[in-house]
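Structure record follows, encoded as structure tokens.
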Amino acid sequence: MSASSYARIYAVVRRIPKGRVATYGQIAELAGLPRQARQVGYALAALGDARVPWHRVINARGEISLRSRSGPEQLQRLLLEREGVAFDAKGRVALARHLWQPRGGRR
DNA sequence: AACATGACCATTA
DNA sequence: GTAATGGCCATGT
């Protein structure tokens, strides 16, 4: 069941520094799964309770992705603000300011 | 096996 | 700025 892919995804998410955010597509690429952003979201959804900073992963628009059913979206924003990530009036994060930018493509 | 759904993304108009 | 389209692929019915 391709659990190793999930493991790679979690490993990358764990590397996101505090106060930074990353996009699903970015995580997918860093995890060696280009164009599989969707799987990243799926992996995080199946995460449940684990020591992974899932709240630092947002979509390419800089917004917090809405779950099918009301989920911890509010909590996610709270956790990010608590780390110093700012949201604008439209509820978007300034990616130019908070996006995680690993150097040399790896870190 | 077919079909639908989902914490997505890039391109094009 | 919005809207439509195609791609990607694990899961459940």
Side-chain angles (χ1 to χ4, degrees):
Chain A
M1 60 175 161
S2 312
S4 51
S5 295
Y6 280 21
R8 277 211 219 31
I9 291 171
Y10 298 149
V12 175
V13 174
R14 258 184 241 120
R15 298 215 302 275
I16 305 173
K18 186 175 116 182
R20 297 264 170 177
V21 296
T23 67
Y24 294 91
Q26 186 179 7
I27 297 300
E29 196 150 329
L30 289 172
L33 304 169
R35 303 301 182 253
Q36 290 186 230
R38 218 163 195 175
Q39 265 337 97
V40 175
Y42 212 88
L44 294 181
L47 186 49
D49 303 325
R51 68 260 183 244
V52 177
W54 54 268
H55 59 279
R56 294 181 188 143
V57 184
I58 61 179
N59 63 32
R61 298 173 189 169
E63 307 172 322
I64 290 175
S65 294
L66 270 53
R67 274 59 154 183
S68 314
R69 308 154 69 106
S70 309
E73 311 154 6
Q74 207 171 349
L75 171 64
Q76 180 167 13
R77 175 163 177 166
L78 182 66
L79 290 172
L80 287 176
E81 292 183 322
R82 187 202 254 161
E83 293 184 353
V85 177
F87 288 77
D88 64 12
K90 297 172 195 162
R92 299 196 316 175
V93 173
L95 291 179
R97 198 169 111 82
H98 295 290
L99 184 66
W100 177 38
Q101 299 171 329
R103 294 174 217 173
R106 179 168 292 228
R107 176 30 218 256

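Atoms considered below: every heavy atom in the structure, side chains included; atoms not considered: hydrogens, waters and symmetry mates. Lettering of chains follows the sequences in order, A, B, ..., and the numbering in each one begins at 1.
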* Structure fact -> Note: chain A reaches DNA chain B at heavy-atom distances under 4.0 Å over the stretch, first to last nt, 5' to 3', of B/dG6 to B/dA10
* Please give, in whole Å, the distance from C/dG1 P to A/R61 CZ? -> 11 Å
* Asked: Do A/L79 and A/Y10 belong to the same hydrophobic cluster, where Ile, Leu, Val, Met, Phe, Trp and Tyr are linked whenever their side-chain heavy atoms lie under 4.5 Å apart, directly or via other members?
  -> yes
* Under 4.0 Å between any heavy atoms, over every strand shown, what does A/Q39 touch: base, sugar-phosphate, or nothing? Just pick one. => base
* When the P atoms of B/dA7 and C/dG7 are considered, how many whole Å apart are they? -> 22 Å
* Structure fact -> For A/R56 and A/I16, the nearest pair of non-hydrogen atoms, with its separation, is NH1-O, 2.9 Å
* Given DNA chain C, 5'-ward residue of the pair A/K90 and A/R38, judged by closest heavy atom -> A/K90
* A/A60 versus A/L95, closest heavy-atom pair with distance -> O-CD1, 3.5 Å
* To do: Check whether more than 12 heavy atoms from other residues, nucleotides or ligands sit under 6.0 Å from atom CD of A/E29, and answer yes or no.
  => no
* With a non-hydrogen cut-off below 4.0 angstrom, is A/A45 in contact with a base, only sugar-phosphate, or nothing? -> base
* To do: Work out which heavy atom in A/V52 is nearest to a heavy atom in A/V13; give both atom names and the distance.
  => CG1-CG1, 3.3 Å
* Report whether A/W54 and A/I58 are members of the same hydrophobic cluster (ILVMFWY, side-chain heavy atoms less than 4.5 Å apart, transitive linking). => no
* To do: Grab the CD-P distance between A/Q26 and C/dC8 for me, whole Å please.
  => 21 Å
* Taking for each residue the nucleotide of DNA chain C bearing the nearest heavy atom, is the 5' side occupied by A/Y42 or by A/R35? -> A/R35
* NA contact type, A/I64, heavy-atom cut-off 4.0 Å: base, sugar-phosphate, or nothing? -> nothing
* Asked: So does A/Y6 get a side-chain nitrogen or oxygen closer than 4.0 Å to the phosphate oxygens (OP1/OP2) of C/dC9?
  -> no
* To do: Quickly work out the A/R8 CZ to C/dA10 C1' distance and round it to whole Å.
  => 15 Å
